[in-house]
Protein chains: 2
Amino acid sequence: MEQDSRLAGTVRPGGRTARVRAAVLEATQDELVLHGFHGLSMDAVAARAGVGKTTVYRRWTGAAGLVADLMTELADQSAAHANTGTIEEDLRANALSVLAAITDERLGATLQAVIAAATCDEEAAAALSTFYGRRIAEWGKSIDLAIQRGELPEGTDGHEVIRAISAPLYYRLLVTKEPVDKATAERSATRALVAARNGAFIG
Amino acid sequence: MEQDSRLAGTVRPGGRTARVRAAVLEATQDELVLHGFHGLSMDAVAARAGVGKTTVYRRWTGAAGLVADLMTELADQSAAHANTGTIEEDLRANALSVLAAITDERLGATLQAVIAAATCDEEAAAALSTFYGRRIAEWGKSIDLAIQRGELPEGTDGHEVIRAISAPLYYRLLVTKEPVDKATAERSATRALVAARNGAFIG
DNA sequence: CCCCTAATGGGTCTTTAGTTCCGTTAAGAT
DNA sequence: ATCTTAACGGAACTAAAGACCCATTAGGGG
């Protein structure tokens, strides 16, 4: 007894528990691709994962908790920043990696679901914030290296440059619903670079 | 009879019908402020609006339909572009108007709800797309005037400049969950202007 | 002012989401 | 290998969402 205070799955995390978690998160992604966040039901996820729905309700707080956990899982798989030797190519690589993420069927649907969940759930919002915070910090290193090489002015805010590249792509994806293609991504990288070279990101 | 093919509320749109619609859309906004899109129930909206829930189910397709209709309503209230005489001030005004919209309690909650709904509903996505399409076209005129005045290079894509100003604000609001304040808005306008002056928005 | 019927609203029914109970299975410590 | 109990899963239960029926109300044309 006296195990109520702990979350289920923390005392015996190996074996079955790990398999259940993997199956549930996989099933969650499948459901998100099919129905989006608004159509995500714990019941359907449990059925698809082949686990009892009691287990899903016990381990996760709700639909938002599921996608938040999914986001946390994806955060660990985040790739390192590019280092091609020129800032132009590094920023282009950054834009294309964002493009690849949001146009991938499973990953794109998952990202949109987490963003939708985060509009009304603190847990999902925190997971998103952490994920992108890390990603921005990681790719910001590319800008720091460029400053050292003399390609960009001293004092350029690398984090802001990275944000400036991603922003138009997410804006189109989420807000204006315009298509996001390779040309859009490359233009976004180029524009951020032009602004950065002209000192718009200092301070 | 033979009225099934028409949507309810189209034959006698005046008086009661208009009052019901206004009450329902008002109630929808209230509920969105309190619970967000994921927590929006037709039942609660009907109760708050003081109308029968049958009426809400008859006139709107679902939660997504409600927010889509709300967005359509807001689209008509969209303001004209600024014309201060300088492109710097016009773009600053644009950024500040976006800031005002997303930081307003009711309007901000509504926008986030429509964006969340649009991730998995075509109707909401179309309403969003139309709303921002109009807004971008309207404010794009500021850039055209600036080109005529010789403040920006010939061939600058005004729509893209406007998108570039809004994008970082929505990116922070929706994706990274960072605070959006006046300084952020003004920086966004400045950076877009620097890039535009240096020809990054030509073509 | 009256009439016709579009539109609303209360009440009821069905479906689905979410909870609880308790027996069963399998981690992982000894 | 054995034992303890964390964790799972089936089933029954409660609550809420959504659909439907039909009586009542009020637009708006005559």
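Each chain gets a letter, A, B and so on, in the order its sequence line appears, and its residues count up from 1.
Judged by closest nucleotide on DNA chain C, V20(B) is the one of R58(A) and V20(B) placed further toward the 5' end. A residue-by-residue look at A44(B) and T17(A) shows that T17(A) has its nearest nucleotide of DNA chain D further toward the 5' end.
The backbone N or O of V194(A) sits less than 3.5 Å from a side-chain atom of N198(A), completing a donor-acceptor pair.
Among the protein residues, R19(A) comes within range of the sugar-phosphate backbone only, with heavy atoms under 4.0 Å from sugar or phosphate atoms but none that close to a base. In this structure, S41(A) reaches the sugar-phosphate backbone alone: every heavy-atom distance under 4.0 Å involves primed, P, OP1 or OP2 atoms, never a base. Within the nucleic acid shown, R59(A) comes within 4.0 Å of sugar-phosphate atoms alone, with no base atom in reach, counting heavy atoms only.
For T55(A), taking side-chain heavy atoms from C-beta onward, the closest of the listed nucleotides dC8(D), dT8(C), dG10(C) is dC8(D). Residue K53(A) places its side chain closer to dT19(C) than to any other of dT19(C), dC8(D), dT20(C). The Y57(B) side chain lies nearest to dA17(D) when the options are dA17(D), dC21(C), dG18(C). With dC21(C), dG18(C), dG10(C) as the choices, the nucleotide that has an atom nearest any side-chain atom of T54(B) turns out to be dG10(C).
In summary, the side chains of E138(A) and S78(A) do not present any donor paired with an acceptor at a separation below 3.5 Å, with no hydrogens or angles considered.
Distance W60(A) CH2 to dA17(C) P: 18 Å, rounded to the nearest Å. We find that CE of M42(B) is positioned 13 Å from P of dT8(C), with the value rounded to whole Å. Rounded to whole Å, the distance from CZ on R16(A) to C1' on dT5(D) is 11 Å. Rounding to whole angstrom units, CG of residue L40(B) and P of dA16(D) are separated by 16 Å. When the P atom of dG9(D) is taken as reference, atom CG of D43(A) falls 14 Å away, rounded to whole Å. Between the C1' atom of dA17(C) and the NE2 atom of H38(B) lies a distance of 11 Å, rounded to the nearest Å.
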Begin from the C-alpha positions of T176(B) and E178(B) and carry the test side-chain hydrogen bond (donor to acceptor under 3.5 Å, both in side chains) through to its verdict. CA-CA 5 Å; T176(B) 67; E178(B) 293 162 294; 2.4 Å; yes
Going through the distances and angles, do Y132(A) and Y170(A) end up as a ring pair (Phe, Tyr, Trp, His ring centres under 6.0 Å)? CA-CA 12 Å; Y132(A) 284 98; Y170(A) 282 96; 5.7 Å; yes
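Partner I115(B) forms a side chain to side chain contact (heavy atoms under 4.5 Å, CB included) with one of T110(B), L128(B), L173(B) and no other, that one being L128(B).
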